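The structure appears below as structure tokens.
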Amino acid sequence: MDTAATAINLATDPRSEKEEQPTRAIDSAFQGDPEDPKKPPTKFVGVIRDDRVAIRDPRTMPQWHDLTELLPRDFGRLVDITLAAPDEGDTVHITVLNERGKVAQSRCTVFPTPGTKGTPEWPDNCTDFIDLTRK
């Protein structure tokens with residue numbers, strides 16, 4: 001069984017294998033420059049489902065990419081996600097919140113398209129999630 005594909009399916013499939021009520025969250029952000037044909041605006045969607053983090057890049061196959069392995073070890077149950085794209089930049093920032101109020105953030109290079117022109121494929125185009133919570 002392809003574990004990466006299974007993880008992505010669990011993160012994006014509306015059905016849950018858990019008996020408890022699963023956590024689900026979604027956000028989206030556009031990145032790109034409408035005046036630059038090399039960086040057309042692209043809508044990225046981030047989801048949390050059953051404690052997995054995935055991002056959708058419509059330019060790649062597969063389109064859904066599991067980023068869960070980039071979270072800090074034992075980060076805990078995820079409850080929310082937000083995406084941000086700096087103006088006319090090359091990155092998308094993914095920020096997640098866990099049930100204990102901890103916040104972690106990753107930054108993914110999305111231009112050029114991951115897997116092309118020197119940009120690593122998903123998820124290697126992203127930094128590890130950094131715990132932003134003050135201790």
Side-chain angles (χ1 to χ4, degrees):
M1 180 189 312
D2 182 354
T3 56
T6 301
I8 292 167
N9 287 338
L10 285 174
T12 58
D13 190 331
R15 297 164 294 175
S16 172
E17 293 184 359
K18 292 187 173 184
E19 290 181 17
E20 63 187 47
Q21 183 64 23
T23 299
R24 294 188 173 107
I26 186 168
D27 195 21
S28 63
F30 281 90
Q31 180 56 289
D33 182 352
E35 297 181 17
D36 184 348
K38 293 180 182 177
K39 291 171 57 176
T42 302
K43 183 179 184 179
F44 295 89
V45 177
V47 297
I48 290 174
R49 182 154 300 142
D50 297 337
D51 297 324
R52 304 209 63 83
V53 180
I55 189 166
R56 182 180 183 273
D57 182 344
R59 305 165 301 165
T60 61
M61 285 310 251
Q63 292 183 340
W64 286 100
H65 306 280
D66 188 1
L67 305 182
T68 307
E69 69 184 45
L70 303 176
L71 285 166
R73 176 174 269 200
D74 300 322
F75 188 68
R77 186 169 186 238
L78 300 170
V79 296
D80 206 359
I81 185 170
T82 187
L83 272 59
D87 289 342
E88 299 176 15
D90 297 330
T91 61
V92 171
H93 297 245
I94 300 115
T95 307
V96 295
L97 174 71
N98 76 10
E99 67 184 343
R100 295 183 313 272
K102 285 191 167 193
V103 176
Q105 181 177 318
S106 176
R107 183 184 71 248
C108 302
T109 301
V110 296
F111 284 104
T113 300
T116 69
K117 301 177 185 171
T119 303
E121 293 183 357
W122 291 97
D124 296 331
N125 62 317
C126 301
T127 63
D128 287 340
F129 280 87
I130 305 291
D131 188 344
L132 301 179
T133 311
R134 292 189 174 181
K135 301 199 179 216

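If you're wondering where the values come from, they're calculated on a predicted model, not measured in any experiment.
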Which value, rounded to the nearest 0.5 Å, describes the distance between L132 atom CG and L97 atom CG?
-> 11.0 Å
Shortest non-hydrogen pair, Q31 vs D90, comes out as NE2-N, 4.0 Å
Atom NE2 of H93 and atom CG of L83: how far apart are they, to the nearest 0.5 Å?
-> 10.0 Å
Return the orientation label for the W122 and H65 ring planes: parallel under 30°, perpendicular over 60°, tilted otherwise.
-> parallel
Nearest heavy-atom contact between E121 and G115 is CG-CA, 3.5 Å
Have a look at T23 and tell me which of R49, E99, R52, R77 forms a side-chain hydrogen bond (donor to acceptor under 3.5 Å, both in side chains) with it.
-> R77
Approximate separation, where rounding is to 0.5 Å, of F111 CZ and R59 CZ | 4.5 Å
Check: T42 side chain, P40 main-chain N or O, donor-acceptor pair, under 3.5 Å | yes
Answer yes or no: is there a side-chain heavy-atom contact under 4.5 Å between I81 and V47?
-> no
Same hydrophobic cluster for I94 and V79, using side-chain heavy-atom links shorter than 4.5 Å among ILVMFWY?
-> no
Polar side-chain atom of D51 near backbone of L78 as donor-acceptor pair, under 3.5 Å | yes
Under the side-chain contact (heavy atoms from CB on, under 4.5 Å) rule, collect the residues that match up with P123, sequence neighbours excluded.
-> L67, E69, L70
For I130, does its backbone N or O pair with a side-chain atom of Q105 as donor and acceptor, under 3.5 Å?
-> no
How many angstroms lie between CG in D80 and CG in N98, if you round to the nearest 0.5 Å?
-> 11.0 Å
Closest non-hydrogen atom pair, V92 against F44 = CG2-CD1, 3.7 Å
Between I26 and V45, is any pair of side-chain heavy atoms under 4.5 Å apart?
-> yes
State plainly whether one hydrophobic cluster holds both L71 and V103, where clusters connect Ile, Leu, Val, Met, Phe, Trp and Tyr through side-chain heavy atoms under 4.5 angstrom apart.
-> no
Checking N125 side chain against C108 main chain: does a donor-acceptor pair fall under 3.5 Å?
-> no
Least distance between heavy atoms, V53 atom then D66 atom | O-OD1, 3.0 Å
Side-chain donor/acceptor of D33 to backbone N/O of K39, under 3.5 Å | no
Nearest heavy-atom approach of P72 to A104 is CD-CB, 4.4 Å
Of all heavy-atom pairs between P58 and Q63, which one has the smallest distance, and what is that distance?
-> O-NE2, 3.2 Å
Any chance you could measure T109, atom OG1, to R107, atom CZ, to the nearest 0.5 Å?
-> 6.5 Å
Keeping the roles fixed (side chain from S106, backbone from T127), state whether a donor-acceptor pair exists under 3.5 Å.
-> yes
